[in-house]
Amino acid sequence: MTCPPRILVLPPRLTASARTLRATALRRGLRIVEATASAVPEGLGSPGWAGWPEGAGPAGSPGDTRDTRGAGSAGSAESTGCTGRDGHAVHLHAGPSFADVVAPALGIALLEAPADWLARLPRALTQRDIRAMTIGEAYRLRRPAFVKSPNDKSISALVYADGSRLPGPDAVDPATVVLVSDVMTFSVEYRLHLLDGAVHAAGQYAEAGRLRLGPPDGDALAFGRDVLVAAGETLPSAIVVDVGRDDEGRWAVIEANAAWASGCYSADPDRALETVLRAAGPATALSPHDRDFVR
C-alpha cells in the first residue's frame, strides 16, 4: 500500500532557509501548502490556504471533503498504516507565532526542549552559570546578564545591563520564564540538527558574532556527541542545538531550538528537512519518548 504524499505547511513569508527546505521538500515529493498573509488571522478554512490535496485540508478548508458523520476517515488512515488527515501526514516549518495557531488545527505535535533544559546542563557543557527564572525575578538583577526566552523570541536575546532594562510588566507577564546566564563570547558557532540521538546534520553559522556560513568542524561534531551522551535523554528525538567555541578554546552549548522553527544555514538540506519533519509531524505518530516534549 502506498501512502499519499506528505504535506509541508509553510508560513506567508519565507526566509532563505525556508526556501531551501521548500525546494528540498518538493524534490523529495512532498506537497507544499503555503498561506497568504491574510489567511492566518482569517482561519484555516479561508481561501488564502492554497495547495491542500482533496480531503486533506483542515476542517472547513477548500480541500476538506471528509465525512464528518463518524470516524470513517480516521479509521481509513489507521487501516492503511498512514498517519495524519485521511492518510496525509502533515508537517510544518514556521516560526512559533504561526505554528501555535496552525499546528493544533492540523493535528501537528510540535517538539521542543524543556524550558529549563539549558539551565539543567552540567557546567562542563555550558562553561557559564545559567538559571531559569521568571522575568519578575529577573527584574531584580543588578549586574549585566544575557537574557532570552527559552523556546521563542518573545524576549529579545540580549545582554542587559541589569534587570531594569528588561521589558516591563506592562509588556510581559511577570510569570514568563526566561533564561539568565553569564555573558560569554563565542569566536565561532555551529548549528547541530539532532535526530534519534545522533548529529544528523551540522554547519557553521557565525564567526566573531557575525553571520558566516561554513562546513561543520570536527571538534564541533565531537562536542555535539558529548552533549548527546550526557543529556540526549532530556531532549526530544528531533531538535536543534547550537554550540560554540570561545577565544580560550572552550566548547559550550549556546542554546536549544525547535527544529521546526530553525534555519538550516549551511547544513545538508535533506538531512535538516528530515529533522524538521520529525519535529513537527502528526500527533498520532508520536513515540512515547516524544510525548513529554510537545509544546
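With respect to H200, the side-chain hydrogen bond (donor to acceptor under 3.5 Å, both in side chains) criterion is satisfied by exactly one of H193, R278, R271: R271. Under the side chain to side chain contact (heavy atoms under 4.5 Å, CB included) test applied with E189, the options D242, L211, I254 reduce to a single match, I254.
Annotation: side chain of I239 is not in contact with side chain of L111 (no heavy-atom distance under 4.5 Å). A 4.5 Å side-chain heavy-atom check between I155 and Y160 finds at least one atom pair inside the cut-off. With a 4.5 Å cut-off on side-chain heavy atoms, L14 and E34 count as touching. Looking only at side-chain heavy atoms (C-beta outward), E274 and L277 stay at 4.5 Å or farther from each other. Annotation: side chain of V33 is not in contact with side chain of L10 (no heavy-atom distance under 4.5 Å). Using a 4.5 Å heavy-atom threshold, the side chains of D246 and Q127 count as separate. Proximity of R143 to D162: side-chain heavy atoms (C-beta onward) are nowhere separated by under 4.5 Å. Considering only heavy atoms from C-beta on, P282 comes within 4.5 Å of H91 through its side chain.
How far CG of L235 is from CG of D292: 12.5 Å, rounded to the nearest 0.5 Å. K148 contributes atom NZ, which lies 11.5 Å from atom CG of L158 (distance to the nearest 0.5 angstrom). Within the model, atoms OG of S262 and NE2 of H93 stand 8.0 Å from one another, a figure rounded to the nearest 0.5 Å. For the atom pair CG of L194 and CG of L228, the computed distance is 5.0 Å after rounding to the nearest 0.5 Å. For the atom pair L30 CG and L8 CG, the distance stands at 6.5 Å (nearest 0.5 Å). Taking CG of D247 as the reference point, atom CZ of R245 lies at 9.0 Å (rounded to 0.5 Å).
Remark: D100 engages R295 in a side chain to side chain donor-acceptor pair (under 3.5 Å) (not counting sequence neighbours).
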(request) Might you work through the side-chain contact (heavy atoms from CB on, under 4.5 Å) test for T126 and M184, ending with a clear yes or no? (result) CA-CA 10 Å; T126 64; M184 184 173 181; over 6 Å; no

(request) Decide yes or no on side-chain contact (heavy atoms from CB on, under 4.5 Å) for L125 and F223, but give the supporting numbers first. (result) CA-CA 9 Å; L125 295 180; F223 181 68; 3.9 Å; yes

(request) Could you please spell out the steps behind the side-chain contact (heavy atoms from CB on, under 4.5 Å) verdict for L192 and V227? (result) CA-CA 11 Å; L192 310 180; V227 173; over 6 Å; no

(request) Could you please spell out the steps behind the side-chain contact (heavy atoms from CB on, under 4.5 Å) verdict for E137 and V180? (result) CA-CA 10 Å; E137 295 171 308; V180 177; over 6 Å; no

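S266 contributes a side-chain N or O that, together with a main-chain N or O of Q204, makes up a donor-acceptor pair within less than 3.5 Å. A donor-acceptor pair under 3.5 Å is absent between the side-chain atoms of R191 and the main chain of V240, judged by distance alone. Here the side chain of D182 pairs a donor or acceptor atom with the backbone of D129 at under 3.5 angstrom.
Closest heavy-atom contact between P96 and N151: CG-O, 4.4 Å. Closest approach of F186 and A252 over heavy atoms only: CE2-CB, 3.9 Å. Between V253 and V241, the shortest heavy-atom contact is CG1-CG1, 4.0 Å. Between A259 and V276, the shortest heavy-atom distance links the atoms O-CG2, 3.5 Å. The nearest pair of heavy atoms linking Y139 to V172 is OH-O, 4.4 Å. Shown here for L179 and P150, the closest heavy-atom pair between the two residues is CD1-CA, 4.0 Å.
V147 and I130 fall into different hydrophobic clusters, defined by Ile, Leu, Val, Met, Phe, Trp and Tyr side-chain heavy atoms under 4.5 Å apart, directly or through other members. The hydrophobic cluster containing L286 does not contain V9, counting ILVMFWY residues as joined when their side-chain heavy atoms lie under 4.5 angstrom apart, directly or transitively. Residues V294 and I108 do not share a hydrophobic cluster, clusters being chains of Ile/Leu/Val/Met/Phe/Trp/Tyr side chains in contact below 4.5 Å. Taking hydrophobic clusters as Ile, Leu, Val, Met, Phe, Trp and Tyr residues chained together by side-chain heavy-atom distances below 4.5 Å, L166 does not share a cluster with V177. Tracing side-chain contacts under 4.5 Å through hydrophobic residues (I, L, V, M, F, W, Y), one never reaches L195 starting from L273; they form parts of separate clusters.
Residue pairs that meet the ring-ring contact (aromatic ring centres under 6.0 Å, His included) test with at least one member in residues 258-295, sequence neighbours left out, are Y205-Y265, H289-F293. Sorted by first then second residue, the side-chain hydrogen bond (donor to acceptor under 3.5 Å, both in side chains) pairs that include residues 208-234, not counting sequence neighbours, are W117-T234.
Within a 6.0 Å radius of CZ in R165, other residues, nucleotides and ligands contribute 12 heavy atoms or fewer.
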